[in-house]
Amino acid sequence: QVQLVVSGGGLVQAGGSLRLSCAASGRTISTTAVGWFRQAPGKEREFVTTITWSGRTTRYADSVKGRFTISRDNAKNTVYLQMNSLKPEDTAVYYCAAGSLIATDLESSYDYWGQGTQVTVSS
């Protein structure tokens, strides 16, 4: 089955930037939608953004619009999340999810999940 390797997390000051990568192995994800979710301590996991298989359509949670950008390179079987103007409230474990037939915010639509990477934004 598809395995997703997530990287790029770390510690950054407020206003800084990070770029997360989600690389698939074992099976191509080029024909499926891919999404990013995050979970902060003591909170439920929430939707961040998603992208269609073609990369032509993207959707974002209101909390990250204008600051985060999702993109994909199907030739590399990789999806990226560029995070700019980071805020302390962005602190969370970020998860990549793949295998959905559509770009959706519903977790149940995704068949494969990465291990997650910690993003910490200091004030």
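Start at 1 with the first residue, then count along the sequence.
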When rounded to the nearest 0.5 angstrom, what distance separates [atom1] in [X] from [atom2] in [Y]?
| X | Y | atom1 | atom2 | value |
| --- | --- | --- | --- | --- |
| Arg56 | Arg72 | CZ | CZ | 12.0 Å |
| Ile102 | Thr52 | CD1 | OG1 | 11.0 Å |
| Glu44 | Arg38 | CD | CZ | 14.5 Å |

- Item | Shared hydrophobic cluster, Phe47 / Trp113 (ILVMFWY, side-chain heavy atoms < 4.5 Å) | yes

Donor-acceptor pair, side chain of [X] and main chain of [Y], under 3.5 angstrom:
| X | Y | result |
| --- | --- | --- |
| Arg59 | Ala103 | yes |
| Arg45 | Val93 | no |
| Asn77 | Ser25 | no |
| Thr58 | Ile51 | no |
| Arg67 | Ser85 | yes |

- Within a strict 4.5 Å, meaning less than it, do heavy atoms of the Met83 and Val64 side chains meet? no

- Report yes if the side chains of Tyr60 and Ile70 come closer than 4.5 Å at any heavy-atom pair, otherwise no. yes

- Provide the closest heavy-atom pair for Cys96 versus Val34 in the form atom of the first, atom of the second, distance. SG-CG1, 3.8 Å

- Task: Kindly give the heavy-atom pair with the smallest separation between Ala40 and Ala92, and that separation in Å.
- Result: N-CB, 3.8 Å

- Message: Once ring-ring contact (aromatic ring centres under 6.0 Å, His included) is applied, what residue pairs with a partner in residues 61-111 remain, sequence neighbours excluded?
- Response: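 ring-ring contact (aromatic ring centres under 6.0 Å, His included) check on residues 61-111 returns Phe37-Tyr110.
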
- Message: More than 12 heavy atoms of other residues, nucleotides or ligands under 6.0 Å from CG of Leu101: yes or no?
- Response: no

Identify all side-chain donor-acceptor contacts of residues 4-24 below 3.5 Å with residues at least two apart in sequence or on another chain.
{"from": "Ser17", "atom 1": "OG", "to": "Asn84", "atom 2": "OD1", "distance (Å)": "2.9"}

- Lys65 and Asp62 ion-paired at < 4.0 Å: yes

